[in-house]
Amino acid sequence: MDQSKEQRILNSVSYNAVKGDPESVLNCIDKYCGQYEWAMNVGDEKGIILDKTVEEADPTVALEMGTYCGYSAIRIARLLKPNARLLSIEFNPEFIPIAKEIIEIAGLSEKVTIIEGHSQDIIPQLKKKYEVETLDFVFLDHWKERYAPDTILLEECGLLRKGSILLADNIVYPGAPEFIKYIRSNSRYECTSYPTFLEYMKVEDAMEKAVYMG
Ligand SMILES: CNc1ncnc2c1ncn2[C@@H]1O[C@H](/C=C/CNC(=O)c2cc(-c3ccc(F)cc3)cc(O)c2O)[C@@H](O)[C@H]1O
Ligand SMILES: [Mg+2]
């Protein structure tokens with residue numbers, strides 16, 4: 001059984017990246033996926049928007065939906081202050097060991113907890129099982145039609161507080177129209193759109209920031 005693309009990305013990281021250096025892991029993935037095999041990492045261009053939003057949020061507890069290979073988990077976790085943590089939800093059991101290994105190579109295993117399961121099942125468990133009070137930052141990068149229902153679920157579970165910052169990838173491509181409709185018509189969110197480009201491609205995309213006003 002030949003290897004998966006995700007396994008080949010891990011091979012490239014374990015062979016080329018500097019252990020314990022998150023930047024070198026990010027550069028390695030961007031180089032591999034830019035030159036050899038495209039993959040749905042947020043990438044280096046949109047990654048800068050992610051970085052800036054994480055720095056603005058300066059989260060103590062951050063959540064990500066859609067770990068995939070761990071690229072954005074590394075981007076977020078490398079910016080977290082001491083004792084801050086990232087919870088990352090992923091339901092594909094094939095990707096989890098690969099993401100764990102890549103995050104380990106980046107030296108960020110202490111800051112990142114990968115939770116296996118569907119976001120809609122995990123979100124209601126965050127308070128009791130994962131000792132979350134409220135979330136300071138949420139990165140949405142999983143199935144696009146789940147952005148809106150999961151945002152509503154986060155509200156219903158009391159996981160958002162005044163000033164919680166949500167950032168959503170792929171607003172233009174593949175697109176998340178229901179999410180945009182929901183979030184921009186809801187007066188409890190202050191929304192900002194960031195036009196950008198799809199990872200590793202000359203295709204337009206955008207990210208949406210939504211600050212929950214409580
Ligand atoms: C629904 N609840 C869920 N709970 C937990 N994990 C979930 C999940 N949904 C999806 N996942 C996981 O997130 C990841 C899925 C992300 C979906 N992302 C995309 O489809 C996507 C797709 C593109 C894309 C762009 C252009 C193109 F031609 C083809 C694809 C670009 C992106 O940046 C994307 O984020 C996988 O690891 C999957 O297993
Ligand atoms: Mg994406």
Side-chain angles (χ1 to χ4, degrees), residues 4-10 13 26 29-30 32-34 36-51 53-54 62-76 86-103 112-126 129-130 132 135 137-154 156-157 159 166-180 182-183 193-210:
S4 68
K5 172 169 74 174
E6 292 74 24
Q7 185 62 51
R8 289 192 291 273
I9 291 171
L10 169 54
V13 168
L26 296 173
I29 296 174
D30 286 328
Y32 185 82
C33 296
Y36 302 107
E37 295 192 87
W38 186 92
M40 58 184 173
N41 317 115
V42 73
D44 43 352
E45 207 163 354
K46 290 192 282 184
I48 291 173
I49 299 167
L50 174 58
D51 292 353
T53 311
V54 171
L63 174 71
E64 162 180 83
M65 293 184 275
T67 315
Y68 189 45
C69 292
Y71 179 94
S72 46
I74 290 168
R75 279 208 89 105
I76 296 165
L86 170 67
L87 301 174
S88 185
I89 306 174
E90 173 57 56
F91 66 24
N92 185 328
E94 252 180 72
F95 298 154
I96 291 173
I98 291 170
K100 277 185 176 154
E101 183 54 32
I102 290 176
I103 290 164
V112 183
T113 305
I114 297 179
I115 304 173
E116 178 166 0
H118 281 65
S119 49
Q120 61 267 36
D121 300 331
I122 302 298
I123 288 169
Q125 298 176 356
L126 289 177
K129 189 169 177 188
Y130 296 93
V132 174
L135 297 164
F137 175 76
V138 181
F139 182 48
L140 298 92
D141 195 19
H142 57 329
W143 282 175
K144 309 312 160 192
E145 62 276 9
R146 288 297 311 176
Y147 282 15
D150 283 346
T151 299
I152 293 166
L153 192 54
L154 287 170
E156 289 170 348
C157 294
L159 285 160
L166 310 181
L167 183 69
D169 189 24
N170 309 114
I171 295 308
V172 168
Y173 202 96
E178 305 83 8
F179 174 73
I180 288 301
Y182 173 73
I183 208 90
S193 175
Y194 299 97
T196 175
F197 291 91
L198 183 68
E199 51 266 36
Y200 318 120
M201 305 284 284
K202 290 185 176 44
V203 169
E204 288 186 358
D205 194 5
M207 300 179 94
E208 184 89 356
K209 180 175 81 170

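As the structure is a computational prediction, the values presented were derived from the model and not from experiment. When a ligand or atom number is given, it counts from 1 through the structure's own listing order.
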Specify the closest pair of heavy atoms between [X] and [Y], including all atoms of both residues, with the distance to one decimal.
| X | Y | answer |
| --- | --- | --- |
| Thr196 | Ala206 | CG2-CA, 3.8 Å |
| Phe137 | Ile76 | CE2-CD1, 4.1 Å |
| Ala176 | Lys144 | CB-O, 4.1 Å |

Counting no waters, how many protein N/O/S atoms sit under 2.8 Å from the Mg ion (ligand 2)?
3
For ligand 1, which of its N or O atoms have a protein N or O partner closer than 3.5 Å, and how long is each gap?
from	atom 1	to	atom 2	distance (Å)
ligand 1	2 (N)	Ser119	OG	2.9
ligand 1	4 (N)	Ser119	N	3.0
ligand 1	6 (N)	Phe91	N	3.2
ligand 1	9 (N)	Trp143	N	3.4
ligand 1	18 (N)	Lys144	NZ	3.3
ligand 1	33 (O)	Asp169	OD2	3.2
ligand 1	33 (O)	Asn170	OD1	3.0
ligand 1	33 (O)	Asn170	ND2	2.7
ligand 1	33 (O)	Glu199	OE1	3.4
ligand 1	33 (O)	Glu199	OE2	2.5
ligand 1	35 (O)	Asp141	OD1	2.9
ligand 1	35 (O)	Lys144	NZ	2.8
ligand 1	35 (O)	Asn170	OD1	2.9
ligand 1	37 (O)	Glu90	OE1	2.7
ligand 1	37 (O)	Glu90	OE2	3.2
ligand 1	39 (O)	Glu90	OE2	2.5

Set of residues satisfying side-chain hydrogen bond (donor to acceptor under 3.5 Å, both in side chains) with respect to Tyr200, sequence neighbours excluded:
Asp30, Asn41
Counting N and O atoms only, with roles assigned by atom type, does the side chain of Lys46 sit under 3.5 Å from a partner on the main chain of Asp44, one being a donor and the other an acceptor?
no
Checking the side chain of Asp141 only, and the main-chain atoms of Gly66 only, is there a donor and an acceptor separated by less than 3.5 Å?
no
If you define the side chain from C-beta out and look only at heavy atoms, does anything of Ile9 sit under 4.5 Å from Ile98?
no
Distance-only check: which donor-acceptor pairs under 3.5 Å involve side-chain atoms of residues 114-124, not counting sequence neighbours?
from	atom 1	to	atom 2	distance (Å)
Ser119	OG	Asp150	OD2	2.6

Answer yes or no: does atom OH of Tyr130 have more than 12 heavy-atom neighbours from other residues, nucleotides or ligands under 6.0 Å?
yes
